[in-house]
Amino acid sequence: MPNAFRKNNFIERSIKDAVLFFKYSIFSEDKAQERGFLQSLDPRVKLVTFTVLCICVLFVKNIGLLIILYSFSLLLACISRINLGFFLKRTWIFIPLFSLFIALPALFDFITPGESLCVFRIFGLEFVITKPGLSGSVLFVCRVATSVSFVVLLSLTTRNSVLLRVLRIFKVPQVFVMVFGMTYRYIYLFMEIVENTYLGIKSRTGGLIRRNKGQSIVAWNIATLWQRSFKLNEDVYGAMLSRGYNGEPVLLDEFKTSPKDWIWFCLVAVIFTGVIKFGYG
Amino acid sequence: MDESIFKVVNAHFSYLNRFSALCGIDMEVRKGEKIAILGANGSGKSTLLQLLDALLFPNKGDIFAFGRQLLEADFNDPEFCRKFRSKVGLVFQNPDIQLFCPTVKEDIYFGPLQLGIEKNEAGKRIEKIAGDLGIGGLLDRAPHQLSVGEKRKVAIATVLVIEPEIILLDEPTAGLDPQTSRRIIDIIIEANEHGRTIVTATHDLHVVEEIADRVYILNREKQVAKSGPAQELLSDTELLREHNLTHMHKHRHNGQTHIHPHQHLDHHQH
């Protein structure tokens, strides 16, 4: 009995945590609504300049310059009223962790041969860390951390719906932008359905479900959710037709640039030129 | 008042050619009228509204709009389609269906932009409607952040902004608190006073007298059981009970239990 309870607890926690994760990561837009520097920029200029900054990071081969760029991202976070602790947690805990695992094998001489820096043995096997291996790995991790910092800054300071609309400047067809927008809109609705369905099941079963029964409930839920999404799809299409949609959507475009946007654009252009001139090679 | 807007002649409709939703409906809507379609759940009210909005087409029978028969093929003509959609607006029962854009503002802009209304003109309309409906503070919010009442007001705004001649409303007050329900009724009445024709499907009898001059009652056979002036039909308690629009209410008064028909009609008499 306690075993079964633990298993159910695991399912409950998984569903709750997954839903919570989605709600916080996708739908939490409190930072984007702050009155900070990046929030005040035109989203189109912001998207272009952050893409340029990420390209800059790819070109840099100098660790010192990368650290300057990384410090620049921290400065941007501060003037955009983003809590530095929150920002560091977002960037350092998850994504660079994976890059570390990729960079780790590159430390050793069997991947990156060169001048030996440190030798050690594990279970009789000799491992050699090489100088080019170490500098290559550090460079890789720094690049990932800096790029991720810029991407996280962009996503934290821009509302998701606006980011979707900005895709149009990259000539993404309007119909795709609209489909992305609708997907974003309805994910939340379906998450609520999943959450409520689970609560409904729990209220009738008291929280204890045997494995076989649990599997059939989950399968039934997936099928029901699919049916609901299919029905919703038909109804939403009807609602679109009713308001004049004829297969070629016309979307709202109300972006405006200010002198501040152009100053920022010039600054990023200067950084890019500087990086290409001094940091590449 | 005499100009015919919609004329439905012996309309039949079934889903997947198996599940009958309407079985021989006759109906007429004249310009400037307020009409209510009453009926129990599953009587075909929503399907009838979708036929009037040309989202569905009858399997048998005819529907005429503005003196012209509505044929599915005609909607392949963009000009005809644009004209018809500019004249007729439908507020769906479930506002989550109607609000499909990432923000409220984009949702309200959607109709005017598709129908070729200038962005500046659409902006002016939105400003006015947002003020009238008290949704100015919601424009930058995502639809999932709204309450049911707010969603319903925004859904109505998405249709009003098109400035259609005819507004079709599917259960506009279902599941709303009394204050929001009152506001929605006021919006419907105001729209009618501005010359719009209103067709409302509902089973909330207490709102019918205000939002309808004439009433059509649909029966379980998915046909029109009776039509006529709202006051006349609403006073026919036997007719209402027969079509599941009233129920027997059992309660206690002065220590005695008694039963009477209950129809949610006179809840705010003074």
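Below, chain A is the first sequence line, B the second, and so on; all start at residue 1.
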Check this for me: does any side-chain nitrogen of one of Arg243(A) and Asp53(B) sit under 4.0 Å from a carboxylate oxygen of the other? no
Chain A heavy atoms under 4.5 Å from Cys81(B): which part of the residue, side chain, backbone, both or neither? neither
If one checks every heavy atom of Leu99(B) against chain A at 4.5 Å, the contacting part turns out to be both
First locate atom CZ of Arg82(B), then atom CG of Asn246(A), and finally report the distance between them rounded to the nearest 0.5 Å. 10.5 Å
What part of Leu189(A) gets closer than 4.5 Å to chain B, counting heavy atoms only: side chain, backbone, both or neither? side chain
Under 4.5 Å from a heavy atom of chain B, the part of Tyr245(A) involved: both
Side chain, backbone, both or neither of Leu252(A) within contact of chain B (heavy atoms, under 4.5 Å): both
Measuring from atom CZ of Phe100(B) to atom CE of Met178(A), what distance do you get when rounded to the nearest 0.5 angstrom? 7.0 Å
side-chain contact (heavy atoms from CB on, under 4.5 Å) filter on Thr183(A), not counting sequence neighbours, yields Val179(A), Ile187(A)
Over 12 non-hydrogen atoms of neighbours within 6.0 angstrom of CZ in Phe176(A): no
Check this for me: Lys83(B), atom NZ, are more than 12 non-hydrogen atoms of other residues, nucleotides or ligands nearer than 6.0 Å? no
Any side-chain heavy atom of Asp96(B) sitting closer than 4.5 Å to one from Arg185(A)? yes
Would you find more than 12 non-hydrogen atoms of other residues, nucleotides or ligands less than 6.0 Å from Phe265(A) atom CZ? no
Say you draw a straight line from CD1 of Ile162(B) to OG of Ser242(A); how long is it, rounded to the nearest 0.5 Å? 7.0 Å
Closest heavy-atom contact between Thr103(B) and Arg159(A)? CG2-NH2, 4.3 Å
What class does the angle between the rings of His144(B) and Tyr184(A) fall in, given that below 30° is parallel, 30 to 60° is tilted and above 60° is perpendicular? perpendicular
Please state whether the side chain, the backbone, both or neither of Thr158(B) comes within less than 4.5 Å of a heavy atom of chain A. both
Can you tell me if CD on Gln69(B) sees more than 12 non-hydrogen neighbours from other groups inside 6.0 Å? yes
Looking at Pro112(B), Ala142(B), Pro143(B), which has the largest count of heavy-atom pairs under 4.5 Å with chain A? Pro143(B)
Any chance CZ of Phe80(B) has more than 12 other-residue heavy atoms, nucleotides or ligands included, within less than 6.0 Å? yes
Does CD in Glu118(B) sit with more than 12 non-hydrogen atoms of other residues, nucleotides or ligands closer than 6.0 Å? no
Interface moiety of Asn94(B) toward chain A, non-hydrogen atoms closer than 4.5 Å: neither
Closest heavy-atom pair and its distance - Asp235(A), Phe92(B): O-CE2, 4.4 Å
Under 3.5 Å, side chain of Gln98(B) to main-chain N/O of Ala239(A), donor-acceptor pair present? no
Looking at Glu72(B), I'd like to know if its CD atom is crowded, meaning that more than 12 non-hydrogen atoms belonging to other residues, nucleotides or ligands lie closer than 6.0 Å. no
Hey, is NZ on Lys128(B) packed in by over 12 heavy atoms from elsewhere, all under 6.0 Å? no
Please report the closest heavy-atom contact between Leu55(B) and Leu241(A), naming both atoms and the distance. CD2-CB, 3.8 Å
